[in-house]
Amino acid sequence: MGNYEKKHPLLEAWNTYPSTRKENKKALNKPSIERIIGEMFAIGEFYYYALNLTNSTVFHHHENMLKMHGLKEYPKDLKDIIDLTHPNDIEFVIKAEQAAIKKMLEIGIEHQLYLKSSYCFRMKTAKGNYELFHHQAIPTLEDDEGKLIQSVNIHTNINHITRQNPYTVLISGMGPRNDFHQIKIEDTSPSTQHPMGSLTKREVEVLSLIAKGYSGTEISEILILSQHTVRTHRKNILTKTNSRNGKELLKKAFEWGVF
(Lines give C-alpha, C1' and ligand atoms only; values in the text may rest on other atoms or scores of the structure.)
Protein backbone atom coordinates (compact mmCIF):
# COMPACT_ATOMS: atom_id res chain seq x y z
CA MET A 1 0.00 0.00 0.00
CA GLY A 2 2.85 2.36 -0.68
CA ASN A 3 5.36 3.99 1.63
CA TYR A 4 3.73 4.32 5.02
CA GLU A 5 5.26 6.55 7.67
CA LYS A 6 4.34 3.97 10.30
CA LYS A 7 3.61 0.28 9.92
CA HIS A 8 0.47 -1.05 11.58
CA PRO A 9 -1.12 -4.51 11.83
CA LEU A 10 -4.01 -3.79 9.43
CA LEU A 11 -1.78 -3.37 6.36
CA GLU A 12 -1.72 -7.09 5.58
CA ALA A 13 -5.51 -7.25 5.66
CA TRP A 14 -5.95 -4.12 3.53
CA ASN A 15 -3.53 -5.37 0.90
CA THR A 16 -6.05 -8.09 0.04
CA TYR A 17 -8.59 -5.45 -0.98
CA PRO A 18 -8.04 -4.82 -4.71
CA SER A 19 -9.93 -1.55 -4.77
CA THR A 20 -7.51 0.17 -2.40
CA ARG A 21 -4.90 2.14 -4.32
CA LYS A 22 -1.42 0.91 -3.48
CA GLU A 23 0.41 4.19 -3.75
CA ASN A 24 1.00 7.21 -1.56
CA LYS A 25 -1.39 10.01 -2.30
CA LYS A 26 -1.91 13.40 -0.72
CA ALA A 27 -4.73 14.01 1.70
CA LEU A 28 -7.98 14.60 -0.10
CA ASN A 29 -10.72 17.15 0.24
CA LYS A 30 -12.72 17.22 3.44
CA PRO A 31 -15.47 14.57 3.28
CA SER A 32 -19.14 15.46 3.42
CA ILE A 33 -19.69 15.44 7.18
CA GLU A 34 -23.41 16.02 6.65
CA ARG A 35 -23.75 12.73 4.80
CA ILE A 36 -21.66 10.87 7.35
CA ILE A 37 -23.60 12.16 10.34
CA GLY A 38 -26.81 11.16 8.57
CA GLU A 39 -25.59 7.56 8.31
CA MET A 40 -23.85 7.21 11.66
CA PHE A 41 -25.02 5.75 14.91
CA ALA A 42 -23.50 7.32 18.01
CA ILE A 43 -25.39 7.04 21.29
CA GLY A 44 -22.85 8.49 23.68
CA GLU A 45 -19.65 10.49 23.38
CA PHE A 46 -18.06 10.06 19.98
CA TYR A 47 -15.52 11.46 17.57
CA TYR A 48 -14.65 10.93 13.94
CA TYR A 49 -11.61 11.27 11.73
CA ALA A 50 -10.89 10.94 8.04
CA LEU A 51 -8.46 8.23 6.95
CA ASN A 52 -6.36 8.32 3.80
CA LEU A 53 -6.25 4.65 2.86
CA THR A 54 -3.26 5.09 0.54
CA ASN A 55 -0.83 6.08 3.29
CA SER A 56 -2.72 5.58 6.58
CA THR A 57 -2.60 9.25 7.49
CA VAL A 58 -5.38 10.63 9.69
CA PHE A 59 -6.88 14.09 9.33
CA HIS A 60 -10.00 16.23 9.92
CA HIS A 61 -10.21 15.01 13.52
CA HIS A 62 -13.25 15.74 15.67
CA GLU A 63 -12.27 17.69 18.77
CA ASN A 64 -13.66 15.04 21.15
CA MET A 65 -10.74 12.77 20.29
CA LEU A 66 -8.34 14.73 22.50
CA LYS A 67 -10.68 14.84 25.49
CA MET A 68 -11.87 11.23 25.32
CA HIS A 69 -8.38 9.74 25.08
CA GLY A 70 -6.49 12.37 27.06
CA LEU A 71 -4.27 13.24 24.12
CA LYS A 72 -2.23 16.44 23.81
CA GLU A 73 -2.23 16.42 20.03
CA TYR A 74 -4.22 14.78 17.25
CA PRO A 75 -2.92 11.49 15.85
CA LYS A 76 -1.34 11.86 12.43
CA ASP A 77 -1.25 8.18 11.52
CA LEU A 78 -3.58 5.23 12.01
CA LYS A 79 -0.93 3.44 14.05
CA ASP A 80 -1.24 6.17 16.68
CA ILE A 81 -4.92 5.26 17.03
CA ILE A 82 -4.26 1.52 17.01
CA ASP A 83 -1.78 2.08 19.84
CA LEU A 84 -4.78 3.18 21.96
CA THR A 85 -6.42 -0.22 21.45
CA HIS A 86 -6.29 -2.81 24.22
CA PRO A 87 -3.41 -5.21 23.36
CA ASN A 88 -5.69 -8.22 23.82
CA ASP A 89 -8.13 -6.83 21.21
CA ILE A 90 -5.60 -6.25 18.41
CA GLU A 91 -5.95 -9.78 17.04
CA PHE A 92 -9.73 -9.41 16.95
CA VAL A 93 -9.49 -6.05 15.15
CA ILE A 94 -7.27 -7.62 12.47
CA LYS A 95 -9.71 -10.52 12.01
CA ALA A 96 -12.62 -8.08 11.94
CA GLU A 97 -11.02 -6.06 9.14
CA GLN A 98 -10.28 -9.24 7.19
CA ALA A 99 -13.87 -10.40 7.58
CA ALA A 100 -15.25 -7.01 6.54
CA ILE A 101 -13.08 -6.92 3.42
CA LYS A 102 -14.05 -10.47 2.47
CA LYS A 103 -17.77 -9.72 2.77
CA MET A 104 -17.48 -6.45 0.80
CA LEU A 105 -15.71 -8.30 -1.99
CA GLU A 106 -18.50 -10.87 -2.03
CA ILE A 107 -21.11 -8.10 -2.28
CA GLY A 108 -19.14 -6.28 -4.98
CA ILE A 109 -16.70 -3.38 -4.75
CA GLU A 110 -18.95 -1.36 -7.06
CA HIS A 111 -21.20 -0.95 -4.02
CA GLN A 112 -18.42 -0.05 -1.55
CA LEU A 113 -19.52 3.57 -1.05
CA TYR A 114 -22.86 2.34 0.26
CA LEU A 115 -21.54 -0.24 2.72
CA LYS A 116 -20.59 0.46 6.33
CA SER A 117 -18.62 -1.87 8.58
CA SER A 118 -18.81 -1.81 12.37
CA TYR A 119 -17.59 -3.75 15.38
CA CYS A 120 -16.46 -3.14 18.98
CA PHE A 121 -13.14 -3.12 20.81
CA ARG A 122 -11.59 -1.57 23.91
CA MET A 123 -9.63 1.68 23.81
CA LYS A 124 -7.62 3.57 26.39
CA THR A 125 -9.44 6.60 27.79
CA ALA A 126 -8.35 9.82 29.48
CA LYS A 127 -8.95 8.09 32.82
CA GLY A 128 -6.15 5.65 32.04
CA ASN A 129 -8.38 2.57 31.77
CA TYR A 130 -9.77 0.69 28.78
CA GLU A 131 -13.43 1.03 27.84
CA LEU A 132 -15.57 -0.50 25.10
CA PHE A 133 -15.91 1.55 21.91
CA HIS A 134 -18.15 1.05 18.89
CA HIS A 135 -16.22 1.51 15.63
CA GLN A 136 -17.87 2.46 12.33
CA ALA A 137 -16.02 2.78 9.03
CA ILE A 138 -17.76 4.62 6.21
CA PRO A 139 -16.10 4.74 2.74
CA THR A 140 -16.30 8.28 1.41
CA LEU A 141 -14.22 8.59 -1.74
CA GLU A 142 -13.06 6.61 -4.76
CA ASP A 143 -10.56 7.64 -7.42
CA ASP A 144 -11.32 7.70 -11.15
CA GLU A 145 -10.69 3.94 -11.38
CA GLY A 146 -13.12 3.10 -8.60
CA LYS A 147 -10.39 2.38 -6.06
CA LEU A 148 -11.23 3.22 -2.48
CA ILE A 149 -8.93 5.96 -1.20
CA GLN A 150 -10.68 7.52 1.76
CA SER A 151 -13.00 6.67 4.63
CA VAL A 152 -14.34 8.27 7.78
CA ASN A 153 -14.12 6.31 11.02
CA ILE A 154 -16.43 7.01 13.94
CA HIS A 155 -15.66 5.87 17.47
CA THR A 156 -18.37 5.94 20.13
CA ASN A 157 -17.79 5.10 23.79
CA ILE A 158 -20.52 2.57 24.68
CA ASN A 159 -19.06 1.46 28.01
CA HIS A 160 -22.08 3.03 29.74
CA ILE A 161 -24.36 0.73 27.74
CA THR A 162 -22.40 -2.53 27.85
CA ARG A 163 -18.90 -3.81 28.53
CA GLN A 164 -19.51 -7.05 26.68
CA ASN A 165 -17.89 -7.35 23.27
CA PRO A 166 -20.01 -9.49 20.88
CA TYR A 167 -16.94 -10.20 18.71
CA THR A 168 -19.15 -9.63 15.69
CA VAL A 169 -18.63 -7.61 12.52
CA LEU A 170 -21.65 -5.99 10.92
CA ILE A 171 -21.76 -4.94 7.27
CA SER A 172 -24.79 -2.77 6.68
CA GLY A 173 -26.08 -0.88 3.69
CA MET A 174 -26.48 2.89 3.44
CA GLY A 175 -28.48 5.09 1.12
CA PRO A 176 -30.04 2.90 -1.58
CA ARG A 177 -28.80 -0.40 -0.07
CA ASN A 178 -30.30 -2.36 2.83
CA ASP A 179 -27.56 -4.96 3.38
CA PHE A 180 -27.35 -6.57 6.82
CA HIS A 181 -24.60 -9.15 7.33
CA GLN A 182 -23.41 -10.34 10.76
CA ILE A 183 -20.06 -12.13 10.89
CA LYS A 184 -19.09 -13.90 14.10
CA ILE A 185 -15.34 -13.78 14.62
CA GLU A 186 -14.99 -16.19 17.53
CA ASP A 187 -17.15 -18.19 19.91
CA THR A 188 -18.28 -16.57 23.13
CA SER A 189 -19.77 -17.95 26.30
CA PRO A 190 -23.41 -19.13 26.40
CA SER A 191 -24.37 -15.90 28.19
CA THR A 192 -23.68 -13.93 25.02
CA GLN A 193 -25.95 -16.02 22.84
CA HIS A 194 -29.06 -14.20 21.63
CA PRO A 195 -32.43 -14.84 19.94
CA MET A 196 -31.63 -12.94 16.74
CA GLY A 197 -32.46 -16.09 14.84
CA SER A 198 -36.06 -15.82 16.02
CA LEU A 199 -36.46 -12.34 14.51
CA THR A 200 -37.73 -12.01 10.97
CA LYS A 201 -35.73 -10.04 8.40
CA ARG A 202 -38.24 -7.19 8.69
CA GLU A 203 -37.99 -7.18 12.48
CA VAL A 204 -34.20 -6.93 12.23
CA GLU A 205 -34.60 -3.93 9.93
CA VAL A 206 -37.02 -2.29 12.36
CA LEU A 207 -34.69 -3.04 15.29
CA SER A 208 -31.78 -1.42 13.50
CA LEU A 209 -33.77 1.74 12.81
CA ILE A 210 -35.15 1.89 16.36
CA ALA A 211 -31.63 1.81 17.75
CA LYS A 212 -30.54 4.56 15.39
CA GLY A 213 -33.14 6.80 16.98
CA TYR A 214 -35.77 6.87 14.24
CA SER A 215 -39.36 7.46 15.33
CA GLY A 216 -42.20 5.12 14.43
CA THR A 217 -43.37 7.57 11.78
CA GLU A 218 -39.90 7.78 10.23
CA ILE A 219 -39.51 4.00 10.25
CA SER A 220 -42.87 3.57 8.51
CA GLU A 221 -41.76 6.01 5.79
CA ILE A 222 -38.34 4.41 5.34
CA LEU A 223 -39.67 0.84 5.14
CA ILE A 224 -42.95 1.82 3.45
CA LEU A 225 -45.04 0.30 6.22
CA SER A 226 -48.06 1.54 8.12
CA GLN A 227 -47.40 2.95 11.59
CA HIS A 228 -49.62 0.21 13.01
CA THR A 229 -47.38 -2.43 11.41
CA VAL A 230 -44.28 -0.75 12.82
CA ARG A 231 -45.81 -0.75 16.31
CA THR A 232 -46.64 -4.43 15.93
CA HIS A 233 -43.07 -5.21 14.87
CA ARG A 234 -41.70 -3.28 17.86
CA LYS A 235 -43.98 -5.16 20.25
CA ASN A 236 -42.93 -8.50 18.76
CA ILE A 237 -39.25 -7.57 18.98
CA LEU A 238 -39.54 -6.66 22.65
CA THR A 239 -41.35 -9.94 23.34
CA LYS A 240 -38.93 -12.15 21.39
CA THR A 241 -35.88 -10.53 22.99
CA ASN A 242 -37.43 -10.52 26.45
CA SER A 243 -36.80 -6.77 26.74
CA ARG A 244 -38.88 -4.58 29.04
CA ASN A 245 -38.20 -1.33 27.18
CA GLY A 246 -36.17 0.33 24.46
CA LYS A 247 -33.18 0.98 26.74
CA GLU A 248 -32.86 -2.69 27.64
CA LEU A 249 -33.33 -3.66 23.99
CA LEU A 250 -30.51 -1.28 22.96
CA LYS A 251 -28.12 -2.83 25.49
CA LYS A 252 -28.87 -6.32 24.22
CA ALA A 253 -28.58 -5.25 20.59
CA PHE A 254 -25.01 -4.04 21.18
CA GLU A 255 -24.13 -7.24 23.00
CA TRP A 256 -25.51 -9.24 20.07
CA GLY A 257 -23.48 -7.29 17.51
CA VAL A 258 -26.53 -5.85 15.73
CA PHE A 259 -24.70 -2.50 15.33
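- At a threshold of 4.5 Å between non-hydrogen side-chain atoms, the residues Phe180 and Leu170 count as touching.
- In terms of heavy atoms, Gly70 sits closest to Ala126 at N-CB, 3.5 Å.
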> Given the rule in the side-chain contact (heavy atoms from CB on, under 4.5 Å) test, do Tyr214 and Glu221 qualify, once you have shown the distances and angles that lead to the verdict?
Replying inline: CA-CA 10 Å; Tyr214 287 102; Glu221 293 175 352; over 6 Å; no

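- One distance of note links CD of Gln150 with OG1 of Thr57; it measures 9.0 Å at 0.5 Å rounding.
- Heavy-atom minimum distance, Ala99 versus Ile185: CB-CD1, 3.8 Å.
- Residues Pro75 and Met65 share a closest heavy-atom pair of CD-SD, 3.2 Å.
- Remark: Arg177 pairs with Asp179 by the salt bridge (charged side-chain N to carboxylate O under 4.0 Å, His left out) rule, at least two apart or across chains.
- When the side chains of ILVMFWY residues are joined at heavy-atom separations under 4.5 Å, either directly or via intervening members, Leu84 and Tyr130 end up in two distinct hydrophobic clusters.
- Residue Lys102 holds its NZ atom at 15.5 Å from CD of Glu97, rounded to the nearest 0.5 Å.
- Here Arg234 pairs with nothing under the salt bridge (charged side-chain N to carboxylate O under 4.0 Å, His left out) rule; sequence neighbours left out.
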> Passes side-chain contact (heavy atoms from CB on, under 4.5 Å), Arg122 versus Asn165? Steps please.
Replying inline: CA-CA 9 Å; Arg122 291 169 292 177; Asn165 191 338; over 6 Å; no

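- The two residues Leu132 and Arg163 come nearest to each other via the heavy atoms CD2-C, 3.9 Å.
- Under the salt bridge (charged side-chain N to carboxylate O under 4.0 Å, His left out) criterion, Glu205 pairs with Arg202, not counting sequence neighbours.
- In the displayed structure, Glu110 atom CD is contacted under 6.0 Å by more than 12 heavy atoms of other residues, nucleotides or ligands.
- Minimum interatomic distance between Cys120 and Phe92 (heavy atoms only, all atoms of both residues): O-CE2, 3.0 Å.
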> Hey, mind stepping through His134 and Phe46 against ring pair (Phe, Tyr, Trp, His ring centres under 6.0 Å) and telling me if it holds?
Replying inline: CA-CA 9 Å; His134 181 242; Phe46 72 92; over 10 Å; no

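- A donor-acceptor contact closer than 3.5 angstrom is absent between the side chains of Asn236 and Thr232.
- For the residue pair Tyr48 / Gln136, no side-chain donor-acceptor distance below 3.5 Å is found, with atom types taken as modelled.
- Side-chain atoms of Tyr47 and His155 form a donor-acceptor pair, as typed in the model, at a separation below 3.5 Å.
- By the salt bridge (charged side-chain N to carboxylate O under 4.0 Å, His left out) test, Lys103 pairs with Glu106, sequence neighbours left out.
- Side-chain contact check for Val206 versus Leu223: some heavy-atom pair is nearer than 4.5 Å.
- Classification of the His69-Phe133 ring pair by plane angle, with boundaries at 30° and 60°, yields parallel.
- The shortest distance between side-chain heavy atoms of Lys235 and Arg231 does not fall below 4.5 Å.
- The aromatic rings of Phe121 and His135 sit tilted, their planes meeting at an angle between 30° and 60°.
- Nearest heavy atom pair, residue Ser243 against residue Thr241, reads OG-OG1, 2.9 Å.
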>> If you apply the rule side-chain contact (heavy atoms from CB on, under 4.5 Å), what do you find for Val169 with Gln98, and how did you get there?
In response: CA-CA 10 Å; Val169 178; Gln98 292 171 333; over 6 Å; no

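- Within the structure, ring-ring contact (aromatic ring centres under 6.0 Å, His included) pairs that include any residue of residues 230-250 do not occur (at least two apart or interchain).
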>> Under the criterion side-chain contact (heavy atoms from CB on, under 4.5 Å), I'd like the reasoning laid out for Asp77 against Asn55: C-alpha separation, chi angles, the key distance, then a yes or no.
In response: CA-CA 8 Å; Asp77 190 276; Asn55 60 16; over 6 Å; no

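- Residues satisfying the side-chain contact (heavy atoms from CB on, under 4.5 Å) criterion with Leu66, sequence neighbours excluded, are Leu71, Tyr74.
- Asn157 and Glu45 are not linked by any side-chain donor-acceptor pair at a separation below 3.5 angstrom, with hydrogens and angles left out of the test.
- In this structure, the side chains of Leu148 and Leu113 come closer than 4.5 Å at one or more pairs of heavy atoms.
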